[in-house]
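These notes concern the structure reproduced below.
Below, all heavy atoms of this structure are taken into account, side chains as well, without hydrogens, waters or symmetry copies. Reminder, nothing fancy here: chain letters follow the sequence lines and each chain counts from 1.
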Amino acid sequence: MNEKREFREKKLKKWIEKYGDPYDSSFSITNSPGEIKENFDSLENQSVSSGGRILAFRKQGKLAFLDIGDITGRIQLFMRKNDLENFEDTELLDLGDIIFVQGKVMKTKVGEISIFVSSFSLVSKGRHELPDKMHGISDPETRQRKRWVDMAIGGDIAKDVVFISRFFQKAREYWQSEGFLEVFTPMLHQIPGGAYARPFKTHHNALDLPLYLRIAPELYLKKLLVGGCPKVFEIGRNFRNEGISKKHNPEFFGLEAYEAWGSFETMMSRSEEFIKFLAADLLENDSFEWMGKKISLKGKFNRLDFRQALIDEIGVDIDKMSTLKDYKNVFKKHNLSWSNSMTIGRSQDKLYGEFIESKIVNPTFVTGYPKAMSPLAKSIPGNKNWTQRFELVIAGCEVANAFGELHDPDEQSHRMKSQQDAKDSGDLEAQPIDDSYIEALEFGMPSAGGIGFGIERLLMMFLNKDSIRDVILFPMLKPKRDE
RNA sequence: GGGGGUUUAGCUCAGUCGGUAGAGCAGCGGGCUUUUAACCCGUGUGUCGGGGGUUCGAUUCCCUCAACCCCUACCA
């Protein structure tokens with residue numbers, strides 16, 4: 001049936017008859033393909049050993065030019081019959097095989113940096129052929145599902161995987177250098193909290209205990225503030241049982257940081273500094289382009305007041321709207337779809353998303369979120385309807401969310417109760433009461449600022465990717481029946 | 001959920017106003033001692049996404065299902 005695979009396996013058999021098992025671990029390389037290219041000046045005429053996947057095969061009579069490579073880069077192999085004892089065994093190699101080579105670093109007549117091969121060995125047979133060398137894998141789903149193939153042939157992901165790794169390294173570096181302690185809090189929660197979201201449910205057998213995959217680490221991190229860690233941060237996955245879209249994957253990385261004696265104002269300068277730090281280091285620039293939009297990180301980030309922005313944009317003052325009916329009328333006026341599951345908080349959010357968020361291009365702190373939308377944020381002194389909160393929006397996309405953390409246990413208890421009420425009356429995303437969190441607050445928590453970043457959102461911006469799937473190595477995919 | 005598009009060789013795609021199909025790459029055979037999308041000669045790829053209908057005949061027309069893509073809605 002699969003004739004091509006048979007050819008490959010026949011060649012493997014021949015190799016084994018001649019040289020024995022290629023799946024051996026006695027090979028060790030002195031330089032990766034990329035290193036040889038990068039360090040040609042110091043490696044010229046030196047003997048090296050290297051290895052990688054065969055990505056191109058240009059045979060020319062008694063000469064052979066092969067390209068081998070991995071994510072570090074590609075290097076050409078130059079093989080000449082007169083100088084290579086088992087030259088004819090190149091017949092047993094296929095595109096996609098992984099080979100080990102030894103030889104001297106040189107340049108060919110036309111100047112291509114190469115290894116002049118003195119010996120080579122098969123290390124791992126590619127049983128499958130590689131995709132078209134010019135076009136690669138065109139189907140995005142296959143590209144994501146068989147990420148290793150796309151990576152092996154040098155698809156975008158081969159470069160991006162390095163960028164993503166450096167991004168995490170630099171993100172840690174920023175917060176650590178600012179004196180924040182990196183901590184790790186549970187992913188299995190008995191009470192899911194810290195965000196508006198539906199959780200994944202699981203179960204612990206030995207304890208016969210229902211558990212939830214965390215939707216946010218927030219409450220645990222603030223328990224550490226109670227315990228006396230003044231500056232903490234965590235980079236880790238959150239899990240939300242919601243729809244999948246270009247901006248949403250069921251599991252995604254959050255970076256949350258909390259600072260005692262800070263406020264949402266100090267979190268503003270920290271987030272601004274953080275993003276500028278990342279861009280300066282990773283992009284080596286203070287501006288970038290995302291989906292055709294030019295985004296400048298120069299100067300101070302803009303500020304926009306939630307309520308004032310809605311007044312300016314559509315002439316609606318949400319401070320003067322107290323009933324759901326008021327919102328329904330506004331929705332009607334602007335031809336927005338209304339559903340009966342709407343709450344005041346949701347309506348406000350929808351108006352914001354529709355008229356404010358989508359129009360923002362350069363980084364902007366949107367401040368003054370209504371209390372109905374922010375059960376964990378401190379309200380503004382003198383105005384109980386508004387909270388000490390901001391979202392950092394770039395190119396219409398929420399990148400971070402920060403509060404002056406509510407640390408009054410009585411007030412927090414009230415807010416959680418009204419969330420619980422919403423939950424009881426059918427809001428699947430409302431947060432349940434978490435008594436252990438309230439109790440922690442009762443021990444006393446210093447005033448604090450806290451912030452959470454959506455890491456993939458930032459990665460999308462920095463890598464100019466339209467879809468969150470392009471910045472996750474193995475994004476959530478629907479199961480495939482035939483495989 | 002709604003609208004549009006795509007699905008043909010291993011890969012990328014062309015094509016048939018209805019008579020079961022083709023190019024490049026990859027493969028196989030041969031040639032070539034400085035190539036790099038190597039080249040030259042020869043060779044063949046196929047449930048034309050699945051199912052049903054119309055028809056003497058369907059890959060082509062119609063219906064339906066599926067997968068993927070785009071837009072839109074929802075999920076902040």
Side-chain angles (χ1 to χ4, degrees), chain A residues 1-8 10-11 54-69 74-84 87 91 94-96 106-114 116 126-146 149-150 153 195-198 215 240-250 336-339 341-343 345-354 356-358 366 369 372-374 391 393 396-399 401 427-430 454 457 466-467 469 477-483:
Chain A
M1 173 88 188
N2 192 338
E3 200 189 10
K4 289 189 172 186
R5 183 169 178 146
E6 277 170 27
F7 279 121
R8 284 167 178 261
K10 262 183 212 159
K11 291 178 188 174
I54 301 175
L55 296 168
F57 206 140
R58 296 178 293 280
K59 212 165 173 198
Q60 194 186 310
K62 297 183 178 66
L63 292 181
F65 300 90
L66 283 73
D67 293 347
I68 62 166
R74 279 167 89 131
I75 184 85
Q76 175 169 273
L77 306 181
F78 178 47
M79 298 177 171
R80 191 157 62 182
K81 187 166 182 169
N82 291 359
D83 303 280
L84 187 58
F87 181 82
E91 297 290 347
D94 283 297
L95 285 170
M106 48 87 76
K107 264 188 190 172
T108 58
K109 273 183 186 169
V110 295
E112 179 76 22
I113 297 170
S114 308
F116 186 36
R127 320 290 174 103
H128 298 273
E129 63 179 330
L130 297 177
D132 189 286
K133 67 181 173 188
M134 309 166 198
H135 305 93
I137 308 173
S138 69
D139 174 30
E141 196 206 326
T142 309
R143 213 184 300 134
Q144 288 153 11
R145 203 177 285 282
K146 301 192 180 178
V149 181
D150 193 32
I153 60 169
Y196 265 124
R198 295 171 69 175
I215 55 174
R240 298 189 184 174
N241 206 340
E242 296 168 344
I244 295 170
S245 80
K246 273 196 211 177
K247 286 183 182 172
H248 299 87
N249 194 62
L336 298 175
S337 62
W338 181 264
S339 83
S341 64
M342 279 293 186
T343 60
R346 268 168 200 290
S347 325
Q348 291 170 337
D349 190 44
K350 173 93 181 162
L351 290 178
Y352 161 71
E354 195 74 25
I356 312 299
E357 188 181 56
S358 59
V366 180
Y369 279 78
M373 291 167 62
S374 324
E391 283 193 1
V393 177
C397 197
E398 178 197 335
V399 162
N401 183 14
D427 185 347
L428 294 167
E429 292 168 3
R457 300 266 171 95
D466 188 26
S467 167
R469 291 187 186 188
L477 296 167
K478 275 194 270 184
K480 202 153 193 170
R481 263 196 246 136
D482 13 319
E483 281 184 279

> Using atom C1' of each nucleotide, how far apart are B:A26 and B:U43 to the nearest Å?
Replying inline: 14 Å
> To the side chain of A:Q60, which of B:U33, B:C25, B:U36 is closest?
Replying inline: B:U33
> With a 4.0 Å cut-off on heavy atoms, is A:I244 in touch with a base, just the backbone sugar-phosphate, or nothing at all?
Replying inline: nothing
>> Using the C1' atom as the point on both nucleotides, what is the distance between B:A14 and B:G46, in whole Å?
In response: 15 Å
> Whole-Å distance between B:G27 P and A:K10 NZ?
Replying inline: 16 Å
>> Using a distance-only criterion (donor-acceptor N/O pair, under 3.5 Å, no hydrogens), is the base of B:G24 paired with the side chain of A:D132?
In response: yes
> When the C1' atoms of B:C25 and B:G3 are considered, how many whole Å apart are they?
Replying inline: 37 Å
> If you look at every strand shown and take non-hydrogen atoms under 4.0 Å, does A:D67 touch a base, only sugar-phosphate, or nothing?
Replying inline: nothing
>> Test of understanding: with salt bridge (Lys or Arg N to Asp or Glu O under 4.0 Å), list the residues that count as partners of A:R74, not counting sequence neighbours.
In response: A:D67
>> Suppose you measure atom P in B:G50 against the same atom in B:U7; what distance do you get, rounded to whole Å?
In response: 13 Å
> B:G19 pairs with which nucleotide, Watson-Crick or G-U wobble, both distances below 3.5 Å?
Replying inline: B:C56
> Using atom P of each nucleotide, how far apart are B:A58 and B:G51 to the nearest Å?
Replying inline: 13 Å
> Rounded to the Å, how far apart are A:R8 CZ and B:A26 P?
Replying inline: 12 Å
>> Suppose we define a pair by two distances each less than 3.5 Å, Watson-Crick or G-U wobble; what does B:U43 pair with here?
In response: B:G27
> If we take the P atom in both B:U72 and B:U12, what is their distance in whole Å?
Replying inline: 27 Å
>> Taking 4.0 Å as the cut-off, does a side-chain nitrogen or oxygen of A:K350 come that near to OP1 or OP2 on B:C74?
In response: yes
>> A side-chain contact here means heavy atoms from C-beta on lying under 4.5 Å apart; do A:I75 and A:I113 qualify?
In response: yes
> Quick one: on RNA chain B, does A:F78 or A:D466 contact a more 5' nucleotide (nearest heavy atom)?
Replying inline: A:F78
>> Can you tell me whether the side chain of A:K133 and the base of B:A26 have a donor-acceptor pair closer than 3.5 Å?
In response: no
>> I need the CG-C1' distance between A:L95 and B:C25, as an integer number of Å.
In response: 11 Å
> Contact class for A:H128 vs. all strands (heavy atom < 4.0 Å): base, sugar-phosphate, or nothing?
Replying inline: nothing
> Which nucleotide sits closest to the side chain of A:V110: B:A26, B:U35, B:A67?
Replying inline: B:U35
> If you draw a 6.0 Å radius around CZ in A:R198, do more than 12 non-hydrogen atoms from other residues or ligands fall strictly inside?
Replying inline: no
> If you measure from the P atom in B:U36 to the same atom in B:A21, how many Å do you get, rounded?
Replying inline: 37 Å
>> Say we look at B:A9 and B:G44: how far apart would their C1' atoms be, to the nearest angstrom?
In response: 10 Å
> With sugar-phosphate meaning primed atoms plus P, OP1 and OP2, does A:K246 contact a base, only sugar-phosphate, or nothing at under 4.0 Å between heavy atoms?
Replying inline: sugar-phosphate
>> Please pick, from B:U33, B:U36, B:A26, the nucleotide with the shortest atom-to-atom distance to any side-chain atom of A:L63.
In response: B:U33
> Is the phosphate of B:C11, meaning OP1 or OP2, less than 4.0 Å from a side-chain N or O of A:S138?
Replying inline: no
>> If I take atom CZ in residue A:F116 and atom P in nucleotide B:U35, what distance separates them, rounded to the nearest angstrom?
In response: 15 Å
>> Does any part of the side chain of A:K62, heavy atoms only, come nearer than 4.5 Å to the side chain of A:R80, both counted from C-beta?
In response: no
>> Is the shortest side-chain heavy-atom distance between A:E357 and A:V366 below 4.5 Å?
In response: no
> Under 6.0 Å from the six-membered ring centre of A:F7 and within 45° of its axis: does the NZ or CZ of A:K4 meet both?
Replying inline: no
> So does A:K247 get a side-chain nitrogen or oxygen closer than 4.0 Å to the phosphate oxygens (OP1/OP2) of B:C74?
Replying inline: no
> Hey, is the side chain of A:E112 pairing donor to acceptor with the base of B:U35 inside 3.5 Å?
Replying inline: no
> In whole Å, what is the span from the CG atom of A:D139 to the C1' atom of B:G10?
Replying inline: 15 Å
> In whole Å, what is the span from the CD atom of A:E91 to the C1' atom of B:C28?
Replying inline: 12 Å
> Closer than 4.0 Å, any side-chain N/O of A:R58 to the OP1 or OP2 of B:U35?
Replying inline: no
>> Nearest to the side chain of A:P140, heavy atoms from C-beta on, is which of B:U12, B:C70, B:C68?
In response: B:C68
> Between B:C70 atom C1' and A:R469 atom CZ, what is the distance in whole Å?
Replying inline: 14 Å
>> As an exercise, state the distance from CD of A:Q76 to CZ of A:R58, rounded to the nearest 0.5 Å.
In response: 5.0 Å
>> Tell me the interatomic distance from A:I54, atom CD1, to B:A26, atom P, rounded to whole angstroms.
In response: 14 Å
> A:K62 side chain: which of B:C69, B:G10, B:U33 is closest?
Replying inline: B:U33
> Any side-chain N or O of A:K59 under 4.0 Å from OP1/OP2 of B:C40?
Replying inline: no
> Between A:F7 and A:Q76, which is nearer to the 5' end of RNA chain B once each is assigned its nearest nucleotide?
Replying inline: A:F7
> Between A:E91 and A:K59, does at least one N-O distance fall below 4.0 Å, as a salt bridge requires?
Replying inline: yes
